[in-house]
Amino acid sequence: MSRAGTIGALAALLAPLLAGCSAQPTPTPTSLPQDFTLKSAEITLPQETAVLPPWAELVAINCAACHSPEMILSQPRLDAATWQKEIDKMRTAYHASIDAKDDGQLVAVLVKLQQDPASHP
């Protein structure tokens with residue numbers, strides 16, 4: 001078979017496969033189905049029992065917007081360097097608006113919260 005014949009035979013074999021490649025994808029619907037309805041629901045959250053001590057105001061300001069006092073107070077014991085990494089992560093990964101000038105004091109308060117369990121209920 002000549003070179004032109006080989007190319008023609010390949011083109012004939014590939015044509016149906018390549019035709020599928022140019023087909024446009026089925027568009028996804030941009031509206032909700034006709035029978036879709038939203039329903040209101042009520043939930044009851046558990047009563048918050050943990051309270052941050054007054055001297056931990058910096059934690060309340062920077063952390064309690066996303067984390068409950070109970071969650072903050074139940075964290076595993078971390079050293080200052082690890083708390084700093086957590087603060088950095090909150091700032092970079094979650095865009096927490098923690099002012100970097102407060103980092104040292106914030107770390108100190110978080111460490112103190114874990115070292116002095118009698119200081120909070």
Side-chain angles (χ1 to χ4, degrees):
M1 184 180 284
S2 71
R3 185 176 197 157
T6 304
I7 292 173
L10 281 173
L13 286 171
L14 292 175
L17 293 172
L18 295 175
C21 292
S22 65
Q24 295 297 318
T26 305
T28 45
T30 57
S31 61
L32 297 172
Q34 293 291 331
D35 60 344
F36 183 85
T37 57
L38 294 174
K39 298 177 184 171
S40 294
E42 285 190 34
I43 60 169
T44 303
L45 297 174
Q47 187 67 27
E48 181 69 52
T49 57
V51 178
L52 293 170
W55 53 263
E57 181 180 14
L58 198 58
V59 170
I61 291 168
N62 287 288
C63 306
C66 298
H67 306 291
S68 69
E70 185 173 11
M71 182 186 183
I72 295 166
L73 296 172
S74 65
Q75 293 303 302
R77 279 190 182 266
L78 302 175
D79 61 16
T82 306
W83 272 122
Q84 184 61 58
K85 288 178 186 174
E86 288 298 309
I87 292 168
D88 294 340
K89 177 179 74 175
M90 293 300 142
R91 189 180 290 121
T92 56
Y94 302 107
H95 306 287
S97 58
I98 302 169
D99 193 334
K101 72 175 177 53
D102 293 331
D103 283 7
Q105 190 178 2
L106 186 56
V107 167
V109 173
L110 288 164
V111 169
K112 183 178 178 185
L113 280 170
Q114 293 184 320
Q115 290 174 343
D116 189 7
S119 66
H120 51 80

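Throughout, numbering of the chain's residues begins at 1 and tracks the sequence. None of these values were measured; they are calculated from a predicted model.
The side-chain heavy atoms of Trp55 and Leu113, taken from C-beta on, include a pair separated by under 4.5 Å.
The backbone N or O of Leu78 sits less than 3.5 Å from a side-chain atom of Gln114, completing a donor-acceptor pair.
The list of salt bridge (charged side-chain N to carboxylate O under 4.0 Å, His left out) pairs with a residue in residues 85-97, not counting sequence neighbours, reads Glu86-Lys89, Asp88-Arg91, Arg91-Asp103.
For Pro33, the side-chain contact (heavy atoms from CB on, under 4.5 Å) criterion is met by Asp35, Phe36, not counting sequence neighbours. Residues forming a side-chain hydrogen bond (donor to acceptor under 3.5 Å, both in side chains) with Asp99 (at least two apart in sequence, or on another chain): none. Here Ala108 pairs with nothing under the side-chain contact (heavy atoms from CB on, under 4.5 Å) rule; sequence neighbours left out.
Closest non-hydrogen pair, Thr92 versus His95, comes out as O-CE1, 3.8 Å. The two residues Gln115 and Arg77 have their closest heavy-atom pair at CA-NH1, 3.6 Å.
Hydrophobic side-chain contacts under 4.5 Å tie Ile43 into a cluster, directly or through other members, with Leu45.
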Extract all donor-acceptor atom pairs below 3.5 Å that involve side chains of residues 58-74 and protein atoms in other chains or at least two apart in sequence.
from	atom 1	to	atom 2	distance (Å)
Asn62	ND2	Leu58	O	3.0
Ser68	OG	Met71	N	3.1
Ser74	OG	Glu70	O	2.9
Ser74	OG	Met71	O	3.3

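More than 12 heavy atoms of other residues, nucleotides or ligands shown are found within 6.0 angstrom of CD on Gln75.
Summarising the geometry, atom CD1 belonging to Ile87 is positioned 4.0 Å from atom CG belonging to Leu106; distances are rounded to the nearest 0.5 Å.
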